[in-house]
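One structure below.
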Amino acid sequence: MKKALTRLLTAGMLFRSLFFPRLQAQDTLRINLDSCLQHALEHHFSIQSAQLQREAAAASLQAAKRSFAPAISAQWGGALSFSNGESATYSNYGIEGNCTLFDGFNKLNQLQKNRIELQESELLIERGRVGAVAEIVTAYMAALTGEERLVFLRRLLNAAEEQLEEGAAHLQAGRLLESDYRLLEAEYKKTLCEVQNSEIDLEEHCATLRRLLALPEHCVPLPRPLTDEECTVFEISPLDTVLKQAFSFLPDLKINELEVKMAEYDIKIAKGGFAPSITIGSYAAYFGGQLSRTDAGGLLVTNGNVSSTVSLSLIVPLYSQGQLQNRVAQGKITLQQAKLQREEQRRNLQQQVESCHRSLLQSINLYNASRAMLQATEAHLTTCQAQFKEGVISTTELLQQQERFLKAANDYVQNKYACLLARKLLEIYTGDF
């Protein structure tokens, strides 16, 4: 019996000394929430991608501005020819320029659209920041939940070890039934299993946090416990105030509004295809002369000269096989879709904010109730453990109380961090992060 007990306790202690420190064997990084958010805003992949998109939009805007300038090109030509024993060489140089005077305001409309695209790209960066913060906060709270739950589980595991050792002594002395000892043994194994699984869950949460922070694979970020001030739930603003702040801050609605404006400019650009275009051009050339050599050995020289032309062209579209009409029709459909998406996004965001606000109110009530329950069950468990040592209560009664305490601890941890998460998400929606 003593050998079996020793093997059981040794296996449990060996696992606890090897498994969770598997995280510690790597480059463990204790990091608080503010540091997580700061690091994520600098290294998050979606934010970096949005920043590249902004650079592309800025380049497109510069190209649209340059399209108003005239197009200028230089030319050079030369030739050497042989025919019927005669040879000739000549060269010419020229410069050409053209400028569109009127194109149905297409360039102007395209310029305005590119400006809106640049504004949208900046809002996409802001949306990436909001999304990154929400992901980090959610992952951080999940890791904190797992870590605090482990505190309670390890405490129960230590108590289960002591009870198992005492139970073995009482069993040898004949003061404990073997069936009761088997219950203590099963309770220890169950608690050990929960500790092991919770440590695996915590490792998974840390891996998720590492991915979101774009940290190296060998680095393990562990959340630093929140301070009492951070765990305090401040006064909650009324729902109407929260919605007003969210609608004025959240970039999603602003992005949808810009997409509606871009769809309107697409229609203007499509309609511009029906308008005539007027282009002015000029060309200046210098003919470098020609040298012709005959069979008789004579050389004929043609002197160079300068020539220039100025042109004005008018192009009126008459028939485009319905392509222009189709572009206008497609643009109108895109505009209607953008308006529908804008309304749908507004309703979805309103529902999210309202749900988060209600969740915070509910989680505050649950947190207060579960905290009171935890304190009560903890005090009662301490009493039961003392009574069990004295033989006042049975093994079943002790284990039942330990089960109630574990449930109360789980409820407390879940409600506590659900409350903090809802508060943080509400701050994100209103731009207070």
Side-chain angles (χ1 to χ4, degrees), residues 1-25 144-205 225 366-417:
M1 177 63 68
K2 289 184 178 180
K3 292 183 179 180
L5 175 62
T6 302
R7 287 196 299 270
L8 181 63
L9 294 178
T10 301
M13 290 186 290
L14 179 63
F15 183 90
R16 285 181 289 145
S17 64
L18 294 179
F19 182 84
F20 186 73
R22 182 155 60 97
L23 298 176
Q24 312 291 343
L144 278 178
T145 302
E147 194 167 26
E148 187 163 342
R149 184 171 183 268
L150 270 174
V151 173
F152 291 101
L153 286 172
R154 287 180 179 138
R155 176 180 164 185
L156 285 178
L157 184 61
N158 291 333
E161 286 181 2
E162 296 177 0
Q163 293 163 6
L164 193 60
E165 292 175 351
E166 293 174 357
H170 292 325
L171 181 63
Q172 293 292 335
R175 296 193 302 269
L176 184 70
L177 295 176
E178 184 175 356
S179 60
D180 287 344
Y181 176 79
R182 296 302 180 191
L183 287 176
L184 292 175
E185 187 180 41
E187 180 67 17
Y188 172 79
K189 291 181 179 180
K190 174 187 174 185
T191 307
L192 177 62
C193 176
E194 291 184 353
V195 170
Q196 294 170 355
N197 290 338
S198 296
E199 288 172 343
I200 294 174
D201 290 339
L202 179 58
E203 186 179 17
E204 179 66 23
H205 294 318
L366 290 173
Y367 169 64
N368 292 329
S370 60
R371 180 175 57 180
M373 180 60 71
L374 176 64
Q375 294 172 351
T377 54
E378 185 176 15
H380 189 46
L381 176 61
T382 302
T383 302
C384 289
Q385 289 173 341
Q387 291 176 340
F388 177 75
K389 290 182 179 181
E390 297 173 358
V392 177
I393 64 174
S394 65
T395 304
T396 303
E397 291 174 319
L398 173 64
L399 297 183
Q400 288 176 347
Q401 184 55 34
Q402 287 184 169
E403 191 69 25
R404 285 194 291 268
F405 171 75
L406 179 59
K407 181 180 184 305
N410 286 332
D411 291 343
Y412 167 77
V413 173
Q414 291 291 340
N415 294 328
K416 175 183 177 180
Y417 289 104

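The figures here come from the full heavy-atom set of this structure, side chains too, leaving out hydrogens, waters and symmetry mates.
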Partners meeting salt bridge (charged side-chain N to carboxylate O under 4.0 Å, His left out) with Glu397 (sequence neighbours left out): none

Under the side chain to side chain contact (heavy atoms under 4.5 Å, CB included) test, which residues partner Gln400, sequence neighbours left out? Thr396, Arg404

Looking only at heavy atoms, which two atoms of Phe405 and Leu374 are closest? And how far apart? CE1-CD1, 3.7 Å

If you measure from OH on Tyr412 to OH on Tyr367, what distance do you get to the nearest 0.5 Å? 4.0 Å

Any Lys/Arg nitrogen of Arg155 or Glu378 sitting under 4.0 Å from an Asp/Glu carboxylate oxygen of the other? yes

Would Glu178 and Leu171 satisfy side chain to side chain contact (heavy atoms under 4.5 Å, CB included), going step by step from the backbone distance to the final call? CA-CA 7 Å; Glu178 184 175 356; Leu171 181 63; 4.2 Å; yes

Which distance, rounded to the nearest 0.5 Å, do you find between the OH of Tyr181 and the CG of Leu176? 9.5 Å

Measure the spacing between NE2 of His380 and OG1 of Thr377 and express it to the nearest 0.5 Å. 9.5 Å

Assess the residue pair Asp180 and Ser394 against the criterion (side chain to side chain contact (heavy atoms under 4.5 Å, CB included)); give the C-alpha distance rounded to whole Å, side-chain angles, the decisive distance to 0.1 Å, and a yes or no. CA-CA 8 Å; Asp180 287 344; Ser394 65; 5.6 Å; no

Interatomic distance, CG@Leu157 vs CD@Gln196, rounded to 0.5 Å, equals 9.0 Å

Out of curiosity, Asn410 CG to Ser370 OG, how far, rounded to the nearest 0.5 Å? 11.0 Å

Are the charged groups of Arg154 and Glu161 less than 4.0 angstrom apart, N to O? no

Under the salt bridge (charged side-chain N to carboxylate O under 4.0 Å, His left out) test, residues paired with Glu403 that sit two or more places apart: Lys190

Residue pair Ser198 / Leu150: nearest heavy atoms and the distance that separates them: CB-CD2, 3.6 Å

Any Gln385 side-chain heavy atom under 4.5 Å of Gln401 side chain: no

Consider side-chain hydrogen bond (donor to acceptor under 3.5 Å, both in side chains). Of Lys389, Glu187, Gln402, which one does Gln163 pass it with? Gln402

Inter-residue atom distance Arg149.CZ - Leu202.CG, 0.5 Å rounding: 11.5 Å

What verdict does the side chain to side chain contact (heavy atoms under 4.5 Å, CB included) test give for Leu406 and Leu381, after you've listed the backbone C-alpha separation in whole Å, the side-chain angles of each residue and the deciding distance to 0.1 Å? CA-CA 10 Å; Leu406 179 59; Leu381 176 61; over 6 Å; no

